[in-house]
Amino acid sequence: MINEWEIIIEVPREKEFGDFSTNMAMQMAREARMPPAKIAAAIINNIEMDGTYIKKVEKAGPGFINFYLEKDWLYQALQAIMAERENYGKLDIGKGRKVMVEFVSANPTGPLHMGNARGGALGDCIARILEAVGYDVTREFYINDTGAQVEKFGASLEARYIQLLKGEDAVEFPEDGYHGEDVIEHARNYIKIHGDKLLGIPSGERRKMLAEYALGKNLESIRNDLEKYGIKFDVWFSEKTLYESGEFDETMEYLEQNGLTYEKDGAVWIKTSQFGTDKDEVLIRSNGIPTYFASDIAYHRNKFLKRKFDRVINLLGADHHGHSSRMKAAMEALGVGPDKLDIIVFQLVRLYRNGEIARMSKRTGKSITLADILDEVGKDAARFFFSMQASGSHLDFDLDMAVKQSDENPVYYVQYAHARICSMLRVLEAEGVKVPAPGQVDLALLKTEAELELIRKLAEYPEEIGIAARTLEPSRLTRYAIELAALFHGFYNSCRVKGKEESLVKARLALVDCTRTVIRDILNLLCINAPEKM
RNA sequence: GCGCCCAUAGCUCAGCAGGAUAGAGCGUCGGUUUCCUAAACCGCAGGCCGGGGGUUCGAAUCCCUUUGGGCGCACCA
């Protein structure tokens with residue numbers, strides 16, 4: 001009667017509705033021209049229950065079919081955790097395919113800001129999640145080390161350099177230059193090391209030398225900050241190399257030969273509007289300097305065509321979201337299926353301190369950087385908070401909350417669950433009680449509500465990772481971690497382990513150890529410490 | 001003016017391939033410790049899911065419209 005139907009089975013919100021539930025009867029009602037209840041009854045009559053964990057199937061509500069399983073299936077899940085350990089929950093969705101996650105990619109003309117911090121946490125977690133589901137992941141940072149911004153940076157440095165050596169009035173500072181203190185600092189340091197020898201060379205050379213020096217320094221501190229933040233990139237890809245290798249020219253030629261470019265007002269344009277953007281974009285300015293967009297096209301050609309990535313994920317702050325549709329259009333222009341490129345646009349961050357929006361760093365008085373955050377709240381709290389919310393949601397980061405060592409702070413809540421478990425294991429171990437091996441325990445002794453709920457949650461873990469991977473949404477795991485910790489704390493308060501009858505001690509100990517395995521694994525995916533003591 | 005994101009409890013947010021009484025944390029208030037970590041647990045209170053239309057047996061979820069906020073709309077990145 002019905003040939004193909006995607007059957008959706010879900011875990012009902014209320015446990016009285018069974019372990020699993022499907023609304024398929026209601027989905028089919030229209031097509032089958034039968035009332036949902038009748039379809040549900042027919043389905044239930046035809047379910048073969050022998051040899052399965054199904055204990056009972058019931059029709060409920062407007063046409064739901066609820067499945068009640070033997071508790072055995074829960075115990076099976078525990079067995080799986082005991083056997084697979086840290087591999088529990090690992091899937092093979094990716095099947096070894098090559099995926100690149102490009103994130104942060106901050107302009108090296110200054111320090112990392114809050115947008116980079118959120119993008120960093122999200123990008124790295126996505127990379128970790130994709131690794132867990134069987135992708136071959138490359139983390140990449142694209143360095144904008146050429147182009148208009150770098151020119152401007154060089155000009156600013158040059159002005160500061162000359163001002164420092166010959167006085168404030170010796171040269172005018174460029175109107176649209178980088179006014180920050182850090183630019184002066186770079187110039188000062190350069191003089192300290194190399195003296196005034198740049199005064200005697202042509203301006204172009206001078207700017208180049210200064211820019212190279214300062215970009216190097218900035219990149220070094222960016223790299224340092226990211227490392228403290230738990231992020232290590234596999235590739236630092238320099239924009240400049242696209243020009244040096246000829247790939248940029250190849251890309252422009254390709255676009256030109258395919259009739260996708262034209263000249264207007266002395267500039268070269270690309271017909272992105274053919275692929276659905278509001279307007280065409282400039283590739284080469286009338287002054288001959290290529291735009292950032294142009295080199296980004298060459299960059300993506302490199303990702304897909306040269307390096308053969310099956311899939312690329314870019315993280316972009318909301319302030320750059322206009323770039324997203326342009327890039328998609330460019331993919332089509334290159335003949336790369338636009339669905340191979342996922343662009344995640346994450347919303348910006350607002351910091352709060354004392355209930356007010358915080359803009360300036362306490363330490364430096366300048367705008368708040370990633371380094372400031374790491375200083376003030378530490379890596380664990382920062383990563384947790386930046387991963388707590390769906391990327392599409394605006395994020396309010398409460399600095400006071402993040403440092404509080406109390407129940408107001410969810411980071412500690414999860415970490416505490418882990419530390420508590422480790423402590424239990426230590427205490428029991430000291431009494432000679434060890435975590436039992438998979439076959440050496442009667443899990444059926446676990447039957448209080450608190451125990452069963454905890455096990456049920458653990459059983460959901462693989463699915464949870466799958467969803468996080470499919471939706472590229474780390475916040476899914478952060479919330480799961482909080483829920484799991486809550487169920488564990490509940491279990492802890494209602495079920496004692498130590499001092500109980502030996503077989504029950506073993507069974508509960510197995511459950512506790514499985515919980516530890518999963519919590520540690522999630523914290524690992526979120527790049528947060530799993531402390532053994534607190 | 002055009003485009004993207006957001007709007008759900010006092011606060012911060014889940015839920016959004018339509019489904020059974022809308023969830024959690026924090027905050028408020030009240031309880032739990034001769035016992036494996038009280039950074040914990042248990043309980044009470046708290047909601048016309050921004051407003052208005054529509055589609056549907058059924059809408060927080062989909063469509064239209066409107067209001068309020070964020071961000072874009074460069075020969076910047």
Side-chain angles (χ1 to χ4, degrees), chain A residues 6 8 10 12-14 16-17 21 23 26-27 29-30 35-36 60-64 66 105-107 109 144 147-150 152 176 239 264-269 277-279 281-296 317-325 345-348 350 352 355 388-398 401 404-413 415-417 419-428 430-431 433 450 475-476 479 482-483 485-486 488-500 505 508-509 512 533-534:
Chain A
E6 196 186 352
I8 294 165
E10 55 186 10
R13 188 159 34 79
E14 302 292 330
E16 66 210 65
F17 297 135
S21 172
N23 62 355
M26 289 180 287
Q27 302 279 355
R30 192 160 313 151
F64 290 97
N66 294 337
S105 297
N107 214 312
T109 50
N144 308 129
Q149 289 306 312
V150 174
K152 202 191 287 180
D176 60 347
E239 180 182 2
K264 194 181 83 180
D265 306 328
V268 178
W269 297 68
T277 65
D278 296 342
K279 55 185 184 52
E281 300 290 332
V282 170
L283 292 178
I284 315 282
R285 299 183 184 89
S286 50
N287 65 8
I289 297 176
T291 61
Y292 170 83
F293 182 50
S295 53
D296 212 16
D319 52 341
H320 289 153
H321 80 257
H323 195 56
S324 161
S325 58
V345 176
F346 58 90
Q347 297 302 310
L348 299 175
R350 234 177 354 195
Y352 281 85
M388 202 157 53
Q389 231 146 97
S391 45
S393 293
H394 298 265
L395 177 66
D396 288 339
F397 191 131
D398 186 335
M401 169 90 88
K404 261 187 206 164
Q405 302 209 354
S406 76
D407 50 0
E408 290 167 68
N409 191 339
V411 188
Y412 291 96
Y413 186 76
Q415 289 185 320
Y416 182 60
R420 199 177 218 183
I421 290 171
C422 292
S423 167
M424 292 171 81
L425 297 178
R426 276 194 304 271
V427 168
L428 287 158
E431 295 188 355
V433 185
S475 64
R476 198 73 214 199
R479 283 194 302 273
I482 295 172
E483 288 163 15
F488 172 75
H489 287 310
F491 158 82
Y492 179 87
N493 278 279
S494 69
C495 301
R496 282 194 60 79
V497 178
K498 191 180 151 190
K500 291 283 177 183
V505 170
R508 287 186 171 166
L509 198 50
V512 167
K533 284 181 185 169
M534 280 174 81

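Side-chain atoms are counted along with the backbone in the values below, which use heavy atoms only and exclude waters and symmetry mates. Order of the sequence lines fixes the chain letters, A, B, ..., with proteins taken first and strands second; residue numbering starts at 1 for each chain.
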Once rounded to the nearest 0.5 Å, what's the spacing between atom [atom1] of [X] and atom [atom2] of [Y]?
X	Y	atom1	atom2	value
A:Asp398	A:Tyr352	CG	OH	9.5 Å
A:Phe346	A:His394	CZ	NE2	12.5 Å
A:His489	A:Ile421	NE2	CD1	8.5 Å
A:Ile284	A:Phe293	CD1	CZ	12.0 Å

Donor-acceptor pair under 3.5 Å: do we get one between A:Thr291's side chain and the base of B:rA74?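 No, no donor-acceptor pair under 3.5 Å.
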
Do the side chain of A:Asn66 and the base of B:rA20 come within less than 3.5 angstrom through a donor-acceptor pair of N or O atoms?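 Check passes, donor-acceptor contact within cut-off.
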
Please report the closest heavy-atom contact between A:Ser286 and A:Ala267, naming both atoms and the distance.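 The pair with the smallest heavy-atom distance is N-CB, 3.9 Å.
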
Residue pair A:Asn144 / A:Ser105: nearest heavy atoms and the distance that separates them: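 Minimum heavy-atom separation between A:Asn144 and A:Ser105: OD1-O, 3.9 Å.
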
Starting at [atom1] of [X] and ending at [atom2] of [N], how long is that distance when rounded to a whole Å?
X	N	atom1	atom2	value
A:Glu483	B:rC13	CD	C1'	12 Å
A:Leu509	B:rC36	CG	P	16 Å
A:Gln149	B:rC75	CD	P	14 Å
A:Arg476	B:rG15	CZ	P	7 Å
A:Met26	B:rA20	CE	P	8 Å
A:Lys279	B:rG72	NZ	P	15 Å
A:Phe293	B:rA77	CZ	P	12 Å
A:Asp319	B:rA77	CG	C1'	10 Å

[N] to [M] separation - [atom1] atoms, rounded to the nearest Å:
N	M	atom1	value
B:rC11	B:rA20	P	26 Å
B:rC42	B:rU8	P	27 Å
B:rC49	B:rG23	C1'	12 Å
B:rG10	B:rU28	P	16 Å
B:rG27	B:rU12	C1'	11 Å
B:rU34	B:rG50	P	47 Å
B:rA17	B:rU33	C1'	48 Å
B:rC16	B:rU61	C1'	4 Å

Would you say B:rA38 has OP1 or OP2 under 4.0 Å from some side-chain N or O of A:Arg420?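 Yes, such a contact exists.
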
Does A:Tyr413 make a side-chain N or O approach to OP1 or OP2 of B:rC41 shorter than 4.0 Å?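 Checking B:rC41 against A:Tyr413, a side-chain N or O does come within under 4.0 Å of OP1 or OP2.
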
Considering every strand and a 4.0 Å limit on heavy-atom distances, what is the contact class for [X]: base, sugar-phosphate, or nothing?
X	answer
A:Lys533	base
A:Ser494	nothing
A:Ala390	sugar-phosphate
A:Cys422	nothing
A:Tyr492	base
A:Ala318	sugar-phosphate
A:Asp176	nothing

When both hydrogen-bonding distances must be under 3.5 Å and the geometry is Watson-Crick or G-U wobble, what is [N] paired with, if anything?
N	answer
B:rA40	B:rU32
B:rA7	B:rU67
B:rG23	B:rC13
B:rG1	B:rC73

Axial cation check for A:Phe488 ring with A:Arg420, 6.0 Å and 45° limits: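 No - A:Arg420 does not lie over the ring of A:Phe488 by the 6.0 Å and 45° rule.
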
Taking A:Asn409 for the side chain and A:Met401 for the main chain, is one N or O donor matched with an acceptor at less than 3.5 Å?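 Side chain of A:Asn409 to backbone of A:Met401: a pair is present.
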
Heavy atoms from C-beta onward define the side chain here; which of [options] lies closest to that of [X]?
X	options	answer
A:Phe17	B:rA77, B:rA20, B:rC26	B:rA20
A:Lys498	B:rC36, B:rA77, B:rC41	B:rC36
A:Ala148	B:rA20, B:rC36, B:rA77	B:rA77
A:Asn23	B:rG19, B:rC71, B:rA77	B:rG19
A:Arg496	B:rC36, B:rC71, B:rA14	B:rC36
A:Val282	B:rC75, B:rA74, B:rA39	B:rC75

Taking syn as a glycosidic torsion within 90° of 0 and anything else as anti, which one is B:rA22?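 B:rA22: anti glycosidic orientation.
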
Salt bridge (charged side-chain N to carboxylate O under 4.0 Å, His left out) against A:Asp396, all qualifying residues, sequence neighbours excluded: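 Testing A:Asp396 for salt bridge (charged side-chain N to carboxylate O under 4.0 Å, His left out), a comparison that skips the adjacent residues, returns A:Arg350.
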
For residues A:Gln149 and A:Thr109, is any side-chain donor paired with an opposing acceptor at under 3.5 Å?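 Short answer, no.
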
Give me the ring orientation class for A:His323 and A:Tyr292: parallel if the planes are under 30° apart, tilted from 30 to 60°, perpendicular past 60°.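 Tilted, since the angle between the ring planes falls between 30° and 60°.
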
Could you list the protein-to-nucleotides 6-12 of chain B atom pairs, N/O on both sides, closer than 3.5 Å?
none

The test is side-chain contact (heavy atoms from CB on, under 4.5 Å); show your working for A:Val497 and A:Met424 and say whether it passes. CA-CA 9 Å; A:Val497 178; A:Met424 292 171 81; 3.7 Å; yes

Could you check A:Gly322 against A:Ser423 and say which one's nearest nucleotide on RNA chain B is further toward the 5' end?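 Per heavy-atom nearest nucleotide, the more 5' residue is A:Ser423.
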
I want to confirm an ordering. Mapping A:Val427 and A:His321 to their closest nucleotides on RNA chain B, which one lands closer to the 5' end?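 Nearest nucleotide further toward 5': that of A:His321.
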
Output a table of nitrogen or oxygen pairs between the protein and nucleotides 31-33 of chain B separated by less than 3.5 Å.
none

Given A:Leu509 and A:Leu425, is the side-chain contact (heavy atoms from CB on, under 4.5 Å) satisfied, shown in steps? CA-CA 8 Å; A:Leu509 198 50; A:Leu425 297 178; 3.5 Å; yes

